[in-house]
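See below for the structure under consideration.
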Amino acid sequence: MAEPLLVIRKLHATVEGKEILKGIDLTVYPGEVHAIMGPNGSGKSTLAQVLAGHPAFEVTEGQVLFNGQDLLELEPEDRAREGVFLAFQYPIEIPGVTNSSFLRAGVNEVRKHRGEDTLDAYDFNHFVREKSKIVQLDPSLLERSVNEGFSGGEKKRNEIFQMAMLEPRLGILDETDSGLDIDALRIVAGGVNQLRSPERSFVVVTHYQRLLDYIVPDFVHVLYDGRVVKSGQKELALELEDKGYDWIKEMVEPDAKPKDAASLFNQALKA
Amino acid sequence: MSNTFESLAEREYKWGFVTDIEAKTLPKGLNEDIVRQISALKEEPDWMAEWRLKAYRHWVTMSEPTWPNVKYPPIDYQDLIYYSAPVQKKLKQSMDEVDPELLKTFDKLGIPLAEQKRLAGVAVDAIFDSVSVVTTFRKQLADAGVVFCSFSTAVKEYPELVKKYLGSVVPVTDNYFASLNSAVFSDGSFCYVPKGVTCPMELSSYFRINTAKSGQFERTLIIAEEGASVSYLEGCTAPAYDENQLHAAVVELVALDGADIKYSTVQNWYAGDDEGKGGIYNFVTKRGKAHTNARISWTQVETGSAITWKYPSVLLQGDNSIGEFYSVALTTGMQQADTGTKMIHIGKNTRSTIISKGISAKRGQNTYRGQVRVMPKADGARNYTQCDSMLIGDKCGAHTFPYIDVANNTSRVEHEASTSKISEDQLFYCRQRGLSSEDAISMVINGFCRDVFRELPMEFAVEATKLLSVSLEGSVG
Ligand SMILES: Nc1ncnc2c1ncn2[C@@H]1O[C@H](COP(=O)(O)OP(=O)(O)OP(=O)(O)O)[C@@H](O)[C@H]1O
Ligand SMILES: [Mg+2]
């Protein structure tokens with residue numbers, strides 16, 4: 001088998017002194033899609049941001065290898081240029097900067113890094129036209145300020161469009177499905193599927209099976225309180241959809257009391 | 001999160017070199033005799049000398065303003081040189097007569113003056129230590145009826161125009177620095193666009209201070225007659241000296257009925273080092289008078305100087321006249337800026353727009369001070385002001401002093417203000433897409449300044465963008 005693209009070992013990370021990631025292990029091979037699920041606040045976005053190098057998070061322990069090199073050593077822009085792409089859960093607005101000039105700057109940096117020619121305005125526009133088909137991006141969004149006044153769905157679609165333009169090795173999608181209507185979900189997921197290839201891997205953070213109906217994962221992991229507490233195949237997502245997270249919580253902390261009335265009721269039923 | 005903002009890398013000021021050139025310099029200090037000597041050296045007519053003396057006599061009765069929100073040690077006006085000029089042959093009829101050292105200096109500054117290399121479509125008046133070195137494209141402009149020359153030349157060749165308009169917008173008694181300038185100004189640019197003429201090219205003055213301890217006092221006068229229009233740009237740089245230097249210029253714009261003057265500044269005087277040593281004190285008075293249906297538009301990008309004190313203003317004298325002020329002011333290191341505008345609505349249906357973008361980094365202090373005044377007869381006057389500040393790091397400051405003074409109840413004055421911090425999330429987002437942290441900052445800052453930059457002529461917008469990135473280098477870690 002090929003070398004893994006991403007290896008995360010015993011990763012611990014803190015934000016403002018508080019430990020959020022408490023020992024994550026994950027290995028992703030080229031071409032694989034890994035789904036990450038887990039309750040709110042369990043650390044999914046933190047993991048995504050740590051991999052992309054957000055300076056607010058401090059890695060206190062552990063190791064991340066990307067394509068064989070120490071990812072944590074790299075600046076965020078170097079990670080991006082090496083092929084790590086993060087589709088943000090909450091894409092950031094940059095007033096006064098057009099989406100297209102922003103993206104052109106990024107694309108050209110990445111191309112330079114890969115030893116490819118940079119694109120002039122003409123070639124760039126061609127490239128944009130080709131790639132925007134993948135997610136059926138409304139062309140008017142290109143000349144508007146980055147994410148400013150975009151609807152929730154437009155922002156998410158724009159993230160996947162950017163991913164298509166930057167052609168990463170690893171796409172980390174943080175709740176790309178949230179905010180998309182049913183048709184948009186199908187289109188955007190279809191776009192991601194078009195971008196799948198034997199070399200390119202994805203880590204897909206989501207709360208809902210719905211997305212995984214389209215982007216079928218090879219593995220599903222459950223993140224709970226900063227740890228991967230259960231891994232399985234795509235059926236695990238169905239099970240979670242069906243049963244919620246209580247059984248996971250009980251599995252991790254058998255002594256912990258269920259917190260809400262509904263779980264008390266469930267427990268009573270089981271007894 | 002704040003510690004990522006604290007790296008204090010040196011920024012490089014690549015314009016900080018000194019040119020070795022023979023200069024005629026008057027002794028330090030200021031008195032009536034020095035004023036007379038300046039006038040004599042410039043071979044001025046008596047009326048000009050008298051005008052200067054009148055200004056000087058008023059100046060000695062005044063005291064330096066203390067209201068600006070800037071701090072600096074007292075200036076010893078007797079310890080300054082008021083006149084220093086490169087020794088050159090008289091009037092330069094051709095480029096061959098210009099000292100090659102001077103041409104080289106301007107080349108190095110990116111202002112090629114030699115015939116073959118000139119900026120296409122831009123006429124340049126190059127001013128070195130207060131003296132005009134050469135004005136390009138004079139002939140082509142003259143064919144269109146446009147006069148563009150050094151101020152000294154104008155005093156000799158167009159005395160009637162100078163007499164009529166000099167001091168008509170900024171009187172000799174206007175303020176401390178304007179009076180000082182009126183007494184000792186050495187040169188500057190003069191432009192006259194006759195009735196109905198659209199100036200066929202951009203006009204530009206490039207100011208260069210060279211001599212240490214010399215003050216720089218230029219005088220610019222632009223007259224656009226009825227229906228004429230002109231776009232003018234000034235740029236400025238100075239060597240990096242340890243001592244502060246005073247720059248007190250006066251610019252007067254006269255837009256007669258239906259005329260249109262667009263005046264853009266890219267100010268990049270030496271700012272001093274990060275500890276506040278050296279740098280230019282930029283105390284400038286700029287004002288325009290707009291007659292009926294005329295428009296005056298100021299655009300400024302202020303990135304240099306240790307201290308900036310300037311309020312390019314418009315007297316909206318005629319009915320339906322328009323005044324505009326678009327400003328980007330950047331303070332980093334120990335720089336201080338107190339800048340803004342005055343829009344004085346006198347005529348009916350006068351309109352003004354003020355867009356001010358202040359950026360502060362490191363220990364920079366940035367003050368917007370603006371006045372919108374609507375006089376009793378200014379029926380239907382309208383003003384829109386937008387005043388945004390951006391802070392980079394947490395040791396800098398932004399301050400806003402809007403003065404609104406309305407004496408006519410049919411007018412409408414709107415004011416919007418915002419202060420924001422450059423956000424780590426914005427920078428991270430850019431970097432996640434492959435931009436270096438420096439490029440990320442300039443991307444975000446350029447976005448912030450876009451409404452102003454798009455008012456600049458194309459090539460200068462590019463220049464301004466670069467200048468901002470250079471100035472901000474090292475201000476975010
Ligand atoms: N910048 C921050 N400052 C303080 N706390 C933070 C910060 N970022 C994340 N946290 C905390 O870390 C924990 C994990 O947050 P994270 O965003 O990773 O959760 P998540 O699994 O993505 O949740 P969701 O499903 O709601 O998106 C939360 O308790 C959150 O409040
Ligand atoms: Mg999240």
Side-chain angles (χ1 to χ4, degrees), chain A residues 15-16 48-49 51-58 74-99 101-114 118 144-148 155 158-159 161-163 165-168 172 174, chain B residues 1-7 326 328 355-359 386 388-390 392-393 416 418-456 458 461-462 464-466 468-469 476-477:
Chain A
V15 61
E16 288 171 0
Q49 307 253 29
L51 291 176
H54 195 299
F57 298 90
E58 191 189 344
L74 300 180
E75 293 293 329
E77 56 270 37
D78 293 322
R79 299 183 196 196
R81 294 167 190 175
E82 283 289 320
V84 174
F85 180 90
L86 170 61
F88 284 58
Q89 181 175 1
Y90 304 108
I92 309 293
E93 299 181 358
I94 311 178
V97 176
T98 63
N99 210 12
S101 62
F102 172 70
L103 201 47
R104 188 170 154 208
V107 165
N108 279 337
E109 287 298 340
V110 170
R111 291 179 70 94
K112 256 190 263 169
H113 184 77
R114 292 197 205 123
T118 56
R144 281 172 51 187
S145 294
V146 180
N147 292 319
E148 198 182 33
K155 284 183 182 168
N158 191 38
E159 292 290 287
F161 164 65
Q162 295 190 20
M163 179 166 79
M165 294 288 293
L166 289 162
E167 305 177 313
I172 305 167
D174 193 356
Chain B
M1 130 166 197
S2 65
N3 61 345
T4 53
F5 290 122
E6 275 165 13
S7 135
Y326 301 98
V328 166
I355 309 278
S356 160
K357 305 279 179 176
I359 304 156
Q386 187 188 329
D388 300 320
S389 308
M390 182 170 289
I392 303 175
E416 282 177 31
S418 76
T419 300
S420 52
K421 278 201 147 207
I422 195 163
S423 93
E424 191 164 59
D425 285 332
Q426 282 178 326
L427 298 182
F428 176 61
Y429 190 67
C430 295
R431 295 174 78 187
Q432 213 307 300
R433 300 305 185 242
L435 300 184
S436 68
S437 59
E438 310 261 278
D439 289 346
I441 296 164
S442 59
M443 178 96 22
V444 173
I445 292 293
N446 277 309
F448 176 71
C449 300
R450 185 158 88 143
D451 291 343
V452 175
F453 284 174
R454 69 167 162 228
E455 295 297 324
L456 286 173
M458 187 58 180
V462 174
T465 306
K466 276 195 231 144
L468 272 199
S469 335
V476 181

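Since the model is a prediction, treat every value here as computed from it, not as a measurement. Chain letters run A, B, ... following the sequence lines, proteins first, then strands; residues in each count from 1.
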Problem set entry | Heavy-atom closest pair, residues A:A80 and B:G434 |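 Scanning both residues, the minimum pair turns out to be CB-N, 3.7 Å.
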Exercise. Closest heavy-atom contact between B:M443 and A:S101?
Worked result: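 That closest heavy-atom pairing would be CE-O, 4.2 Å.
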Exercise. Under the 3.5 angstrom rule, does the side chain of B:Q432 hit a backbone N or O of A:A52 as a donor-acceptor pair?
Worked result: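 Side chain of B:Q432 to backbone of A:A52, a donor-acceptor pair under 3.5 Å: no, none is there.
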Problem set entry | Result of checking A:E77, A:E159, A:E109 against B:R433 for salt bridge (charged side-chain N to carboxylate O under 4.0 Å, His left out) |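 That would be A:E159; it is the only one of A:E77, A:E159, A:E109 passing the salt bridge (charged side-chain N to carboxylate O under 4.0 Å, His left out) with B:R433.
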Contacting region of [X] [heavy-atom separation from chain B under 4.5 Å]:
X: A:V146; value: side chain
X: A:E93; value: backbone
X: A:L166; value: side chain

Of the backbone (N, CA, C, O) and the side chain (C-beta and beyond), which part of [X] lies under 4.5 Å from a heavy atom of chain A, both, or neither?
X: B:F448; result: backbone
X: B:D451; result: neither
X: B:C430; result: both

Problem set entry | Partner chain B: residue of A:V107, A:V110, A:I94, A:L86 with the largest heavy-atom pair count (under 4.5 Å) |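 Top option by heavy-atom pairs under 4.5 Å: A:L86.
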For this session: Would you check if A:V97 and B:V444 make a side-chain contact, meaning some heavy-atom pair closer than 4.5 Å?
Result: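 Contact flag for A:V97/B:V444 side chains = no.
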Exercise. Do A:Y90 and B:D425 have side-chain N/O donor and acceptor atoms under 3.5 Å apart?
Worked result: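 Not at all, the side chains of A:Y90 and B:D425 share no donor-acceptor pair under 3.5 Å.
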Exercise. Where does the angle between the aromatic ring planes of A:H54 and B:F428 fall among parallel (under 30°), tilted (30 to 60°) and perpendicular (over 60°)?
Worked result: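 The arrangement is tilted - the two ring planes meet at 30° to 60°.
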